[in-house]
Amino acid sequence: MQLNESEHLLAAFAHFFPGASTVGSYVGGQLVAGDGETVQLHGAASGRPSLAYRDAGAGVVEQAARAAAAAQKQWWALTHAARGRIVFAVGQQIRDHLEPLAQLEAISTGKPIRDCRGEVAKVAEMFEYYAGWCDKFYGDVIPVPTTHLNYTRREPIGTVLQVTPWNAPIFTCGWQVAPAIAMGNAVLLKPSELTPFTSLAVAALAEKAGVPAGLINVLAGYGHTVGQAAIDNPAVKKVVFVGSPATGRKIAEAAARRLLPCVLELGGKSANIVFEDADLKRACLGAQAAIFSSAGQSCVAGSRLLVQRSVYERFVDMLAGGAARIKVGAPLDDATEVGPISNKKQYEHVISMIAEGVKAGAKLATPAQEAGEGFFVRPTVLAHATNEMDVARTEIFGPVVVAIPFDTEEDAVRMANDSDFGLAGAVWTNDIARGHRVASQVNAGTFWINGYKTINVASPFGGYNQSGYGRSSGVEALHEYTQTKSVWVETAAAPAAAFGYV
């Protein structure tokens, strides 16, 4: 018997929560049903209604905050080495459940299963990487000009609220949670209400690895209810947000009312620059991976393609020809290279942006979209665009690339920097000096030379300008998840009295 949309998703979820009849929040080691408004999900590949569940509500947030505070004290009381061994074991649990996690991610997001398998493996790597830092990130002894011994301690912040998006839920879960708990913090994780499933599973697996119940709590529900209640909770000491600039502003404003520090990973409109001396075939493959993989639902997507005018027509033709050969299909099909857009709202945005681009004067170098079942958008090339068009300035977040010609190196750099964003970028050239020059001049937090979209947990990641602030990977993330305490110890046998009488 074939399962319907809801049954299929619930069956995949039941691998981690046997007997679960719906989705709830994971609080203190238990799946807790919400009591708020109904969240109705839809299958990305079909467009049909799928599972529905209740928003957590403020009461569940308060319960999670209490659980986090208690677990964090227990967690911080362990030795650094003991925490490291447990964090490493979380990575092993994820490896042991790679296929069920990948299946759940594919079903709940519409992402191709082959992409999901790769992302789950990267999440395991994240926990393993930060496990190694647990007993290697420490303070200093400072040679102060007095008789004191002055040293610093790196201490956890306490409870951190982390808000993650629908486009890569398990990846961003690991990206945020691993460094936070490695440094001794507890976490309230608020994934998108559309995709809470794999985050819930990771929290349950972490406890199997030895993480105390309540250290990682996952709140299933809306941002304006659950997210706002979490920001307002006194237990929360820092907020980390991954998502759109518009929502990031709201998060930052809400956090500022409590003087909470933030890390914001926001949007991008990254420039992928191709010079005439580049290996055009390699650059073409790189340009396809930059924008069409993950159906373009990536903050670092190379959505602005700047091509030197002398090779522009040839390159765009090559790119459009390659795009036509990319297999668009069902998420669980091993042959699928591009799946559907994850949700209806985003699908409608992508389709409307393509239409606006054509209306503004860009030319479709690929066939027009055809309406059908599900939220599918075929890889799209908008040619003969300018950097002033809205499609070149607004994040589309779909498999749509805007190809813009340029003449000189100076033009390319100027156009790349003529954006509100500054998350990523790339240059393709066989002139290595030019590659380094361009990399140094483009305002972006991540930049590639003769490549695109390579990221690793060991390397810092974050943006410039409207792409946000703070860094959430590499050693830099450990600074974000700790605070420095300066300790002064008087060592003189008879210290001088600075003030007072006896």
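- With sequence neighbours excluded, the residues that form a salt bridge (charged side-chain N to carboxylate O under 4.0 Å, His left out) with K238 are E480.
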Please report the C-alpha distance between D418 and R393 in whole Å, then the side-chain angles of each, then the deciding distance to 0.1 Å, and finally whether the salt bridge (charged side-chain N to carboxylate O under 4.0 Å, His left out) criterion is met.
CA-CA 9 Å; D418 182 16; R393 308 196 72 80; 3.1 Å; yes
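- Ring planes of F13 and F197: perpendicular class, angle over 60° (limits at 30 and 60°).
- For Q72 and T159, the side-chain atoms include no donor-acceptor pair closer than 3.5 Å.
- H97 and F16 have tilted rings, their planes meeting at an angle from 30° to 60° on a 0 to 90° scale.
- Residues satisfying the salt bridge (charged side-chain N to carboxylate O under 4.0 Å, His left out) criterion with R117, sequence neighbours excluded, are E99, D334.
- With S467 contributing its side chain and F421 its backbone, the two residues share no donor-acceptor pair below 3.5 Å.
- With hydrogens and angles left out, the side-chain atoms of K111 and S294 include no donor and acceptor closer than 3.5 Å.
- Scored by the salt bridge (charged side-chain N to carboxylate O under 4.0 Å, His left out) test, R249 finds no partners at all (sequence neighbours excluded).
- Taking E125 as the reference, nothing meets the salt bridge (charged side-chain N to carboxylate O under 4.0 Å, His left out) condition, with sequence neighbours excluded.
- By the neighbour-count criterion of 12 heavy atoms within 6.0 Å, atom CD of Q30 is sparsely surrounded, having that number or fewer from other residues, nucleotides or ligands.
- Remark: the Y26 side chain and the E207 side chain contain an N/O donor-acceptor pair separated by less than 3.5 Å.
- For K344 (side chain) and I341 (main-chain N/O), no donor-acceptor pair under 3.5 Å exists by modelled atom type.
- No hydrogens or angles considered: nothing links the side chains of S46 and E373 as a donor-acceptor pair under 3.5 Å.
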Salt bridge (charged side-chain N to carboxylate O under 4.0 Å, His left out) between R48 and E5, worked out:
CA-CA 8 Å; R48 294 190 295 268; E5 300 278 347; 3.2 Å; yes
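- Of the N and O atoms on the side chains of N272 and W448, not one donor lies less than 3.5 Å from an acceptor on the other residue.
- Residues Q369 and T380 have side chains that bring a donor and an acceptor to within less than 3.5 angstrom of each other.
- Annotation: side chain to side chain donor-acceptor pair (under 3.5 Å) contacts of Q162 (sequence neighbours excluded): Y481.
- Taking D317 as the reference, nothing meets the side chain to side chain contact (heavy atoms under 4.5 Å, CB included) condition, with sequence neighbours excluded.
- Of the possible donor and acceptor atoms, none in the side chain of Y53 sits under 3.5 Å from a partner among the backbone N and O of A33.
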Does the side-chain hydrogen bond (donor to acceptor under 3.5 Å, both in side chains) test come out yes or no for N233 and E62, once each step is laid out?
CA-CA 7 Å; N233 194 285; E62 176 59 33; 2.9 Å; yes
